[in-house]
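Working notes, structure below.
Counting convention: from 1, in listed order, for ligands and their atoms alike. Numbers here simply count residues along the sequence, with the first being 1.
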Amino acid sequence: MKITRDTKVFITGCGGMLGKAVYERFSPHCQVLATDIDVNEQWLEYGDVADFQKISEKALKFEPDLIINLAALTDLEYCEKNPEITWKTNALGAENMALISKRLDAAHIYISTAGVFDGQKEYYNDFDQPKPMSIYAKSKYYGEVIIEKMLDNYFIFRAGWMMGGGCDKDKKFINKIFKQIQDGKKELFVVEDKLGTPTYTVNFAESMFAIMQTELFGLYNMVCEGSCSRYDVAVELIRLLGLEKKIRINIVDSDYFKDEYSAPRPHSEKLQNLKLSSRGINYMKDWKECLADYVESIRPHLKAES
Ligand SMILES: NC(=O)c1ccc[n+]([C@@H]2O[C@H](COP(=O)([O-])OP(=O)(O)OC[C@H]3O[C@@H](n4cnc5c(N)ncnc54)[C@H](OP(=O)(O)O)[C@@H]3O)[C@@H](O)[C@H]2O)c1
């Protein structure tokens, strides 16, 4: 499907960290109707993926050629403590949006996670068998399976450690570290026993935009090139901010955070973009290059004295 001015794209969960980049990539080229339960931008409308009646009315009226479902509950601890709403949002929501795509014969994009694996080995390619551990991962994996069963013209893109969205929307690692720096912390505690592949929202959205037009439908791992530990990411962030001499990073193991981060997490969430590379459509860049780009957008939020 070539994206033109007439192409209609319906996006759910577009108020989050990835949604911002996806909206900015798609909206200059086509007609976008962006929705979320959190209407935090003037270009967003209310839309709840768990409410089949209302979300299908909205989508059927718009008649999209493509549905991009970004809606999810993404806080692992919240998901573990609130399984019912997690299943309704992440799993039933995915099924609802797939049903709507089927009715409209619209192409479909669903975002899954590196967290569907159990982390027993270091690297996972697109053909490895998922074995989700947490409620979040199980509900996201259900979304993968149901979409593969129901649809033909779908893309499932598995993302890794998401970075992006800026200080207001970034709920993940970079912003958690950045907030501590903003608060004047001179000492950070970071784990080295969690491994993964960072995934920059801007690069991810660019890649989605290009790949969906190839119509090479299917499931793809789609993460930045290069892999690392959480500690490596923190070191690089501090270096890019020029704070190596002012902030000390202490290595700890996951036990240190066992109360704060109580949901089960795989030891390794490193993905390989085997299918993207083999098909010559791997547009994902090196994570350090991406982090450098992201840091330039958040740097102005740092107080001069830090
Ligand atoms: N963040 C990561 O590290 C990561 C990694 C791999 C894959 N993913 C996947 O990437 C996709 C985008 O996530 P993200 O990183 O942009 O996370 P995000 O910032 O949490 O965005 C998800 C958005 O969905 C909204 N939402 C929650 N329940 C909804 C519902 N019932 N109907 C409609 N919208 C709803 C959220 O609103 P609230 O903020 O009010 O909950 C939020 O605005 C998700 O499918 C996620 O599972 C994320």
Side-chain angles (χ1 to χ4, degrees), residues 10-24 33-41 44-52 54-56 58-59 67-79 82 84-98 100 108-117 124 130 132 134-144 147 155-176 194 196-202 204-205 208 220-224 230 233 261 263 265-266 269 271 287:
F10 186 80
I11 312 178
T12 53
C14 202
M17 51 195 288
L18 179 58
K20 183 175 188 287
V22 171
Y23 182 79
E24 285 169 1
L33 176 50
T35 65
D36 199 295
I37 51 164
D38 180 5
V39 183
N40 54 41
E41 302 277 0
L44 277 170
E45 290 186 21
Y46 185 84
D48 177 355
V49 294
D51 183 344
F52 180 74
K54 292 217 175 88
I55 199 80
S56 63
K58 205 174 192 56
I67 291 179
I68 305 178
N69 179 19
L70 308 175
L73 292 171
T74 55
D75 179 322
L76 270 67
E77 279 63 43
Y78 178 86
C79 292
N82 300 278
E84 198 167 302
I85 190 167
T86 303
W87 284 109
K88 280 207 257 183
T89 307
N90 298 1
L92 181 63
E95 187 171 333
N96 285 344
M97 296 319 297
I100 297 167
H108 195 88
I109 297 179
Y110 172 74
I111 313 303
S112 189
T113 169
V116 294
F117 297 107
Y124 291 89
S134 66
I135 299 286
Y136 170 72
K138 286 175 184 165
S139 65
K140 293 298 295 180
Y141 180 54
Y142 178 90
E144 286 190 6
I147 285 163
F155 287 98
I156 296 170
F157 295 119
R158 285 193 189 125
W161 292 343
M162 204 72 91
M163 49 187 201
C167 295
D168 295 338
K169 297 197 176 191
D170 185 346
K171 300 168 179 155
K172 295 292 172 174
F173 184 74
I174 299 292
N175 207 23
K176 286 179 181 171
K194 288 284 182 283
T197 30
T199 306
Y200 185 33
T201 55
V202 174
F204 193 87
M208 264 172 68
Y220 295 92
N221 289 352
M222 194 159 86
V223 294
C224 283
R230 292 288 192 194
V233 179
Y261 298 115
R265 284 174 170 78
E269 301 182 64
L271 295 187
W287 73 266

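With a 4.0 Å cut-off on non-hydrogen atoms, Ile37 touches ligand 1 through its backbone as well as its side chain. Counting heavy atoms under 4.0 Å from ligand 1, residue Phe173 does not touch it at all. Contacts of Thr74 with ligand 1, taken as heavy-atom pairs under 4.0 Å, involve the side chain alone. With a 4.0 Å cut-off on non-hydrogen atoms, Ser112 touches ligand 1 through its backbone and not its side chain. For Lys171, every heavy-atom contact with ligand 1 shorter than 4.0 Å involves the side chain, none the backbone.
Using a distance-only test at 3.5 Å, with no hydrogens or angles considered, a donor-acceptor pair links the side chain of Ser139 to the main chain of Tyr136. No donor-acceptor pair closer than 3.5 Å links the side chain of Asp170 to the backbone N or O of Gly166. Using a distance-only test at 3.5 Å, with no hydrogens or angles considered, a donor-acceptor pair links the side chain of Thr199 to the main chain of Gly160.
Considering backbone and side-chain N/O of Trp161, none are found under 3.5 Å from N/O of ligand 1. Backbone and side-chain nitrogen or oxygen atoms of Leu18 are examined, and one is located within less than 3.5 angstrom of a nitrogen or oxygen of ligand 1.
Ile100 places a side-chain heavy atom less than 4.5 Å from the side chain of Phe52.
Taking all heavy atoms of Thr199, Thr113, Asp38, Leu70 into account, the minimum distance to atom 13 (O) of ligand 1 is reached by Leu70. Between Val116, Asp36, Thr35, it is Asp36 that holds the heavy atom closest to atom 42 (C) of ligand 1.
Close contacts of ligand 1 with Asp48, meaning ligand atoms under 4.0 Å from a residue heavy atom, involve 30 (C), 31 (N), 32 (N). Counting the atoms of ligand 1 from 1 in the order shown, those under 4.0 Å from a heavy atom of Ala159 are 6 (C), 7 (C). If you number the atoms of ligand 1 from 1 as listed, the ones under 4.0 Å from a heavy atom of Gly15 come out as 43 (O). Atoms of ligand 1 found under 4.0 Å from any heavy atom of Val49, numbered from 1 in the order shown, are 30 (C), 31 (N), 32 (N), 33 (C). Residue contact check: Thr89 has heavy atoms under 4.0 Å from atoms 28 (N), 29 (C), 30 (C), 31 (N) of ligand 1. Within ligand 1, counting atoms from 1 as listed, the ones closer than 4.0 Å to a heavy atom of Gly47 are 32 (N), 33 (C).
Ring geometry, Tyr142 versus Trp87: the interplanar angle exceeds 60°, so the pair is classed perpendicular (tilted spans 30 to 60°).
Residue Tyr46 is tested with Ile37, Asp36, Thr35 for a side chain to side chain contact (heavy atoms under 4.5 Å, CB included); the sole match is Ile37.
Of the protein's non-hydrogen atoms, the one nearest atom 22 (C) of ligand 1 is Ala72 O, 3.6 Å. Nearest protein heavy-atom neighbour of atom 2 (C) of ligand 1: Met162 CB, 3.3 Å. From the protein, the heavy atom lying nearest to atom 34 (N) of ligand 1 is Ala71 CB, 3.4 Å. Ranking the protein heavy atoms by distance from atom 46 (C) of ligand 1 puts Tyr136 OH, 3.5 Å first. Here the protein heavy atom with the shortest distance to atom 19 (O) of ligand 1 is Met17 N, 2.9 Å. Atom 9 (C) of ligand 1 has its closest protein heavy atom at Ile111 CG2, 3.7 Å. The nearest heavy-atom contact from the protein to atom 45 (O) of ligand 1 is Lys140 NZ, 2.7 Å. Nearest protein heavy-atom neighbour of atom 5 (C) of ligand 1: Gly160 O, 3.1 Å.
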Go through the steps to decide whether Lys140 and Glu144 satisfy the test salt bridge (Lys or Arg N to Asp or Glu O under 4.0 Å), and finish with yes or no.
CA-CA 7 Å; Lys140 293 298 295 180; Glu144 286 190 6; over 6 Å; no
Kindly determine whether Asp48 and Ile55 satisfy side-chain contact (heavy atoms from CB on, under 4.5 Å), including the steps that lead there.
CA-CA 6 Å; Asp48 177 355; Ile55 199 80; 5.8 Å; no
**Message:** Before you tell me yes or no, could you show the steps for Lys169 and Asn175 under side chain to side chain donor-acceptor pair (under 3.5 Å), namely the whole-Å CA-CA distance, both residues' side-chain angles and the distance that decides it to 0.1 Å?
**Reply:** CA-CA 9 Å; Lys169 297 197 176 191; Asn175 207 23; over 6 Å; no
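Taking the ring centre of Phe173 as origin, the terminal cationic atom of Arg230 falls inside the region bounded by 6.0 Å and 45° from the ring axis.
Trp161 and Gly196 get closest at one heavy-atom pair: CH2-N, 3.2 Å. Summarising the geometry of Arg158 relative to Thr113, their closest heavy-atom pair is CD-O, 3.9 Å, with the distance given to 0.1 Å. Residues Ser112 and Val116 share a closest heavy-atom pair of OG-CG1, 3.8 Å. Across all their heavy atoms, Gly143 and Ala94 have their closest contact at CA-CB, 3.8 Å.
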